[in-house]
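Working notes for the structure below.
The structure presented is a predicted model; accordingly, all values stated were derived computationally and were not measured. Hydrogens, waters and symmetry mates play no part in the numbers below; they use all other heavy atoms, side chains included.
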Amino acid sequence: SAKTAGTYGERDIVERAYADRANYQLMVATGDNQRIKEALAAVRAKACVYVGHPGFPESIVYGYYKSFDQVLRYLTYSDCNLEIEGLT
């Protein structure tokens, strides 16, 4: 949806199509970070199904990845965020 504010504080909201989004927090082996980045780069322009957890259907999003960021890096594992922009 598009939201705008006028000069005198009035708000206009135009409702538009909605798409799912997801932010997955991951813990991965530090040695796997480069492999994960390469796998995501290989599908950067392709729509895919992303599954946060198979036991939670609401964590499934069809779309493309928007970002993959390492939050903290430890000797044996890294905390990462994977952001998905949905198409449906």
Side-chain angles (χ1 to χ4, degrees):
S1 299
K3 302 165 187 92
T4 58
T7 305
Y8 301 103
E10 70 277 6
R11 301 277 181 182
D12 289 321
I13 300 173
V14 178
E15 188 174 334
R16 297 209 171 119
Y18 172 81
D20 284 337
R21 295 179 187 189
N23 285 302
Y24 301 122
Q25 294 182 346
L26 312 168
M27 186 186 319
V28 300
T30 298
D32 290 338
N33 284 333
Q34 187 60 38
R35 183 180 58 81
I36 292 168
K37 287 180 183 181
E38 290 170 2
L40 289 169
V43 296
R44 68 185 176 275
K46 299 175 185 159
C48 297
V49 175
Y50 293 87
V51 180
H53 188 283
F56 297 103
E58 59 275 4
S59 75
I60 300 171
V61 177
Y62 174 71
Y64 59 94
Y65 95 94
K66 193 170 181 180
S67 66
F68 176 72
D69 300 310
Q70 295 174 349
V71 178
L72 298 170
R73 181 170 231 167
Y74 299 100
L75 184 60
T76 57
Y77 70 91
S78 294
D79 291 328
C80 304
N81 283 335
L82 175 62
E83 184 178 1
I84 306 300
E85 184 76 31
L87 294 174
T88 58

Original post:
With sequence neighbours left out, what residues match Tyr8 under ring pair (Phe, Tyr, Trp, His ring centres under 6.0 Å)?
Top reply: none
Original post:
Ser78 and side chain to side chain contact (heavy atoms under 4.5 Å, CB included): which partner among Ile36, Thr30, Leu26?
Top reply: Thr30
Subject >> Inter- and intrachain pairs under side chain to side chain donor-acceptor pair (under 3.5 Å), touching residues 40-67, at least two apart >> reply: Ser67-Glu83
Subject >> Joint hydrophobic cluster, Ile60 plus Leu87, side-chain heavy atoms closer than 4.5 Å >> reply: yes
Subject >> Euclidean distance, Lys3 NZ relative to Asp12 CG, rounded to 0.5 Å >> reply: 12.5 Å
Original post:
Same cluster or not: are Ile84 and Val49 linked, directly or through other Ile, Leu, Val, Met, Phe, Trp or Tyr residues, by side-chain heavy atoms under 4.5 angstrom apart?
Top reply: no
Original post:
Tyr77 and Val28: same hydrophobic cluster, using ILVMFWY side-chain contacts below 4.5 Å?
Top reply: no
Subject >> Minimal non-hydrogen separation, Ala19 against Gly86, with atom names >> reply: CB-O, 3.2 Å
Subject >> Nearest heavy-atom neighbours spanning Cys80 and Asn33 >> reply: SG-OD1, 3.9 Å
Subject >> Whether over 12 other heavy atoms sit under 6.0 Å from Gln25 CD >> reply: no
